Amino acid sequence: MSYYLGIDSSTQSLKGLVIDCDAGKIAAQASVNFTKDLPQFNCVDGVLSNDDPLVKHSDPLMWVAALDLMLERLQDSGFDLGAIAAIGGDGQQHGSVYLNNSFEEVLTSLEPSRSLAEQLKSALSRSTSPIWMDSSTSEECRELDAKFGRRLQADTGSPAIERFTGSQIRKFYKQEPDLYEQTARIHLVSSFLCSVLTGQDAPIDFGDGAGMNLLNLRTMGWDSEIAEFTAPGLAGKLPMVGKGMAGGVSPYFEKYGLKAGTPVAVWTGDNPASLVGTGAWRSGVAVVSLGTSDTFFAALDQFSTDPDGYGHVFGNPAGGFMSLACFKNGSLARDKVRQIAGADWGFFDNEAFEQSPVGNAGQLALPWFEAEITPPVLRPGVRANFDFKSAEPAVQVRAAVEAQALALCSHSLWIGSFDTIRVTGGASKSPGIRQTLANVFQARVESIAVEDSAALGGAMIAAHCDGVSLEKMTEQFTPVGELCEPDADCAELYRNLLPLIKDLEGSDPID
Ligand code: XUL
């Protein structure tokens, strides 16, 4: 059998994609949009509303409801899920799910006649899940810094960061000690969904586990000293760390035509999955992913950390490590700029760039509508070095797109310089955005033919665990789509603009 299913549970949607490794083709796909398809969970764009703009939680029951609905849609598409040889998957990174001691029992006794959301509700010890967009744990980060200093970054790959799971768990333990006490297991989004799919407690992989400030990347195990300081007894509440196959599909999913016992690979984070799904798991190529978050990542030849302290090191699902820089104001910010400019998405393709000069006469705007991650700035608001509000729409769009590209470039210098950058995510479809990236990085920009690189990566990881060659799948499924060559005439102009980004990042928001 040559069919493998990859599932990507990201911030705003959950997608499934089946690859056919014999034919080298996508055989089926289905997706669920949280805002549109599951409005009963009140998570607009995947997030519950909260009075505190720094608090970003989601409803974990929405993710399992999305899993039910996506599999139903996949089955309705006419594809026989009984032909799937193995399943892999990934989740938005850092988000955590808190479960009581009934979790394993609930998993082993799932009834097909009832929904997953209905049955898993009683297994939650905390009804909401903090996700990667949350920036409310600065106090806990400072406590971790004070205790461990540079060791945190040297051993876990990242200094204490607000969205990372460790500081989130510490905040929960400090603010709700009784509920923390009732928590028997803390999963990441990825390992939670993998547990549900296999009907047993699943491990956390090295890719996603490294986004917690709890995994020691030198020993590749939980760091007991850091875990105990983060929250008493935490090591006993974490699943195992592991790779390979997690288990077999739970009989619950036979209702969608899946065969019980079909192997399920340990799930990973969306960025490590994308590293595989873009073919960048081998060193030499970097990836810019333009999704809810914008990220820059690449396989690392050897373990090294960001001297500025903003970037991260995660496990590479293909072995070794990967680097990553993450920007919170990605696609939702571009959408806000689009609204301010009174434009449609087509305007981002070419028009905006034809109607404004390259370099925008030095006018830049960082579209920080939310607290930013890189660099960590808690006070939201657009940072601009010109009168952004009254400018022409084309100037507004270019100012934001060029500032985002320059920020990506500036904060990825520690990772290395690359001749080729692969782009993925919704905004990578815009020729204007791709050309801007090529010019700013002075690198050839390649878009890959398959749009959902994270789900594809999940499917490729499952197939690889089942013995299929990663090299072969990379040739089959990650061919280059559109190519953008850099314009050498822009090199100096952008080199001169690069230092302005740091000034802008340190400036106050415009009114
Ligand atoms: C990476 C990060 C985001 C999330 C959501 O560190 O926080 O990219 O994985 O996609």
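Below, each value reflects all heavy atoms present in this structure, side chains not excepted, and no hydrogens, waters or symmetry copies. In this text, all values refer to a predicted model and were calculated from it rather than measured experimentally. Counting convention: from 1, in listed order, for ligands and their atoms alike.
Counting heavy atoms of neighbouring residues, nucleotides and ligands inside a 6.0 Å radius, atom NZ of K237 exceeds 12 of them.
Separation of the H312 and F297 ring centroids does not fall under the 6.0 Å cut-off.
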Starting from the N and O atoms of ligand 1, find every protein N or O within less than 3.5 Å and list the pair with its distance.
from, atom 1, to, atom 2, distance (Å)
ligand 1, 6 (O), H94, NE2, 2.7
ligand 1, 6 (O), R163, NH2, 2.8
ligand 1, 7 (O), H94, NE2, 3.3
ligand 1, 7 (O), R163, NE, 2.8
ligand 1, 8 (O), N271, ND2, 3.0
ligand 1, 8 (O), S293, OG, 2.8
ligand 1, 9 (O), Q93, N, 3.1
ligand 1, 9 (O), D270, OD1, 2.7
ligand 1, 9 (O), D270, OD2, 3.4
ligand 1, 9 (O), N271, ND2, 3.3
ligand 1, 10 (O), D270, OD2, 2.5

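With sequence neighbours left out, the side chain to side chain contact (heavy atoms under 4.5 Å, CB included) criterion links D419 to no other residue. Legend: residues meeting side chain to side chain contact (heavy atoms under 4.5 Å, CB included) with P53, ordered by chain and number and at least two apart, are absent. Judged as a salt bridge (charged side-chain N to carboxylate O under 4.0 Å, His left out), and not counting sequence neighbours, the contacts of D37 are R73.
Side-chain atoms of M460 and H464, non-hydrogen and from C-beta on, never get closer than 4.5 Å to each other.
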